[in-house]
Amino acid sequence: MINPRLVRENPELLRKAWLRRGLEAPVDRLVELDESRRSLISVVEAAKAAKNAASAEVGKLKREGKDASDAIAAIKSRGDEQVEAESKLAATEKELEDILMGLPNLPHDSVPDGRSSEDNVVARNWGEIKEAPAWAKDHLQVGEALKLFDFKRGAKISGAGFPVYTGWGARLERALVAWFLDEHREAGFLEVQPPLMVNRASMTGTGNLPKFADQLYTCQEDDLYLIPTAEVPVTNLHADEILDPKEMPIKYCAYTPCFRREAGSYGKDTKGFLRLHQFDKVEMVWFSAPEASYDAHEVLTAQAENLVKKLGLPYRTLLLCSGDMGFGAAKCYDIEVWAPVEKKWLEVSSCSNFEDFQARRAGIRTRGADGKPVLAHTLNGSGLATPRILVALLETYQQEDGSFKVPEVLRPYLGGVEFLRA
RNA sequence: GGAGAGGUGGCAGAGUGGUCGAUUGCGGUAGACUCGAAAUCUAUUGUAGGGAAACCUACCGGGGGUUCGAAUCCCUCCCUCUCCGCCA
């Protein structure tokens with residue numbers, strides 16, 4: 001949630017910021033609600049103060065052993081003005097909050113204007129893009145020949161979008177996850193293994209609820225949700241806490257499967273690995289002092305880029321434009337690897353600075369230089385999601401004889417094997 | 001799942017209907033003493049909202065209720081602990 005004070009202090013700034021995202025937000029309504037909220041608060045609180053004073057008087061009389069029935073009767077005979085104002089106030093606050101909770105974060109000044117992915121800016125390029133040889137197969141054919149996965153049986157036991165990894169495929173998946181985690185640990189991230197199901201408050205804290213309920217798998221009976229990313233449980237690790245500035249920044253990495261309904265995206269990337277209901281991802285989550293978050297964002301992004309680099313996959317880093325950023329992000333870099341046969345850029349990481357957007361929802365604070373509590377900034381980035389990495393690896397490192405050359409960094413995780421063969 | 005006991009400020013721990021936002025201890029901060037430190041002493045030390053301010057309001061796990069008045073009584077949910085049952 002954005003800072004609600006801005007509604008009062010600078011509604012035009014809000015209007016413009018949301019317009020950059022292509023959103024015509026009901027700013028006038030917000031201003032109206034904020035004003036009526038404040039005037040109702042005055043009414044309600046004045047009534048409460050009067051009542052408190054009268055009750056204190058009753059207490060005093062009773063303690064003195066005097067008769068208080070007149071005083072009590074006087075309080076009782078008061079009108080229900082307060083009750084009425086209270087219910088109006090509650091309704092106003094609810095509408096205000098409902099609107100604010102559904103509105104996205106404001107783009108940072110360094111974010112380019114734009115309406116869609118077409119307007120994203122390439123921040124950097126790395127690696128040389130080579131044309132695939134004529135004999136090259138696409139990743140599905142390579143994987144099938146090596147028996148790395150079994151989509152059919154995945155569909156049988158669960159449905160489309162639930163892959164089964166088999167044999168070397170399963171090991172390769174495990175190797176990627178283990179290597180990612182080791183890299184992050186060595187870079188100072190604390191590895192955590194969080195729950196895969198979280199409660200409503202956690203989902204609300206990161207911004208997945210209420211707006212994106214239709215993208216989540218739910219366990220209705222227990223009011224739990226399957227996580228769409230480790231960002232949710234790990235960010236909420238520090239919900240309702242005041243983090244000691246001496247401990248900052250706090251950096252975590254976590255491997256989890258991710259569960260996404262992908263409602264509304266039927267027909268898009270349905271084949272193979274490009275869009276799945278369940279996939280593995282290692283996520284980095286970073287809690288920062290407010291003034292340090294943009295530096296942290298660069299470091300976090302570089303940490304993710306480093307993995308792709310070490311795998312030898314050409315990539316590009318996009319600075320997302322205002323219209324293409326996710327709901328909670330103030331600034332976001334996407335890292336895309338090149339799939340030479342598919343001839344496509346594939347997004348394998350998204351590194352975002354949420355500023356205090358999530359922190360406000362989740363109650364994550366630290367202390368400023370004056371020792372007073374301030375909202376922390378949260379950041380996160382994939383480091384990395386495996387399926388599309390697998391696509392790029394298979395297409396890039398396939399050999400003419402049908403084998404797969406294992407990138408060097410992964411070999412220690414695969415018993416030192418250099419080539420995977422059927 | 002059954003029975004019981006609990007959830008109070010950074011921590012520990014009082015408080016069972018009337019100046020309780022809350023005794024006290026520890027911790028934190030500032031000061032005194034000291035060459036300095038320790039010890040000791042003194043003061044101070046929650047969060048959020050409203051208000052130009054004075055100040056007011058709210059918060060004792062969450063929500064609801066009783067009452068002129070609730071940390072304290074009632075209902076409900078959540079969580080923790082102990083015992084029993086079940087079980088990877």
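Each chain gets a letter, A, B and so on, in the order its sequence line appears, and its residues count up from 1.
Residue pairs meeting the salt bridge (charged side-chain N to carboxylate O under 4.0 Å, His left out) criterion with at least one member in residues 276-288 of chain A, sequence neighbours excluded: A:K281-A:E283. A ring pair (Phe, Tyr, Trp, His ring centres under 6.0 Å) check over residues 195-249 of chain A, counting only residues at least two apart or in different chains, returns the pairs A:F212-A:F327, A:H238-A:Y252, A:H238-A:F287.
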Please enumerate all protein N or O atoms sitting under 3.5 Å from an N or O of nucleotides 44-47 of chain B, with distances to 0.1 Å.
{"from": "B:U47", "atom 1": "O3'", "to": "A:R365", "atom 2": "NH1", "distance (Å)": "2.9"}

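Every residue was checked against the ring-ring contact (aromatic ring centres under 6.0 Å, His included) condition with A:H377, not counting sequence neighbours, and none meets it. Taking the ring-ring contact (aromatic ring centres under 6.0 Å, His included) definition, one finds that A:W345 meets it with A:W338, sequence neighbours left out.
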List the atom pairs, donor and acceptor, that lie under 3.5 Å between side-chain atoms in residues 139-155 of chain A and the rest of the protein, sequence neighbours left out.
{"from": "A:H139", "atom 1": "ND1", "to": "A:E342", "atom 2": "OE1", "distance (Å)": "3.3"}
{"from": "A:H139", "atom 1": "ND1", "to": "A:E395", "atom 2": "OE2", "distance (Å)": "3.0"}
{"from": "A:Q141", "atom 1": "OE1", "to": "A:D138", "atom 2": "N", "distance (Å)": "3.0"}
{"from": "A:D150", "atom 1": "OD1", "to": "A:K152", "atom 2": "N", "distance (Å)": "3.3"}
{"from": "A:D150", "atom 1": "OD1", "to": "A:R153", "atom 2": "N", "distance (Å)": "3.0"}
{"from": "A:D150", "atom 1": "OD2", "to": "A:R153", "atom 2": "NH1", "distance (Å)": "2.9"}

What side-chain donor-acceptor pairs closer than 3.5 Å can you find for residues 411-422 of chain A, not counting sequence neighbours?
{"from": "A:R411", "atom 1": "NE", "to": "A:V406", "atom 2": "O", "distance (Å)": "2.8"}
{"from": "A:R411", "atom 1": "NH2", "to": "A:V406", "atom 2": "O", "distance (Å)": "2.8"}
{"from": "A:Y413", "atom 1": "OH", "to": "A:D182", "atom 2": "OD2", "distance (Å)": "2.6"}
{"from": "A:R421", "atom 1": "NH1", "to": "A:D401", "atom 2": "OD2", "distance (Å)": "3.3"}

Show every donor-acceptor pair shorter than 3.5 Å between a side-chain atom in residues 11-18 of chain A and any protein atom, with sequence neighbours excluded, or say none if there are none.
{"from": "A:E12", "atom 1": "OE1", "to": "A:R15", "atom 2": "NE", "distance (Å)": "3.2"}
{"from": "A:E12", "atom 1": "OE2", "to": "A:R15", "atom 2": "NE", "distance (Å)": "3.3"}
{"from": "A:E12", "atom 1": "OE2", "to": "A:R15", "atom 2": "NH2", "distance (Å)": "3.1"}
{"from": "A:R15", "atom 1": "NH2", "to": "A:D28", "atom 2": "OD1", "distance (Å)": "3.0"}
{"from": "A:W18", "atom 1": "NE1", "to": "A:P104", "atom 2": "O", "distance (Å)": "2.8"}

Problem set entry | Letter per nucleotide, 5' to 3', of nucleotides 51-62 of chain B [B base touched, S only sugar-phosphate touched, - untouched; heavy atoms, 4.0 Å] | S----BBS----
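A:E45 has no carboxylate O lying under 4.0 Å from a charged side-chain N of A:K48, or vice versa, which leaves the two without a salt bridge.
Straight-line distance from the CG atom of A:N199 to the C1' atom of B:G63: 16 Å, rounded to whole Å. In this structure, CG of A:L40 is placed 18 Å from P of B:G49, rounded to the nearest angstrom.
Side-chain nitrogen and oxygen atoms of A:K51 include none within less than 4.0 Å of the OP1 or OP2 phosphate oxygen of B:C68.
With a 3.5 Å ceiling on both atom-pair distances, the Watson-Crick or G-U wobble partner of B:G27 is B:U45.
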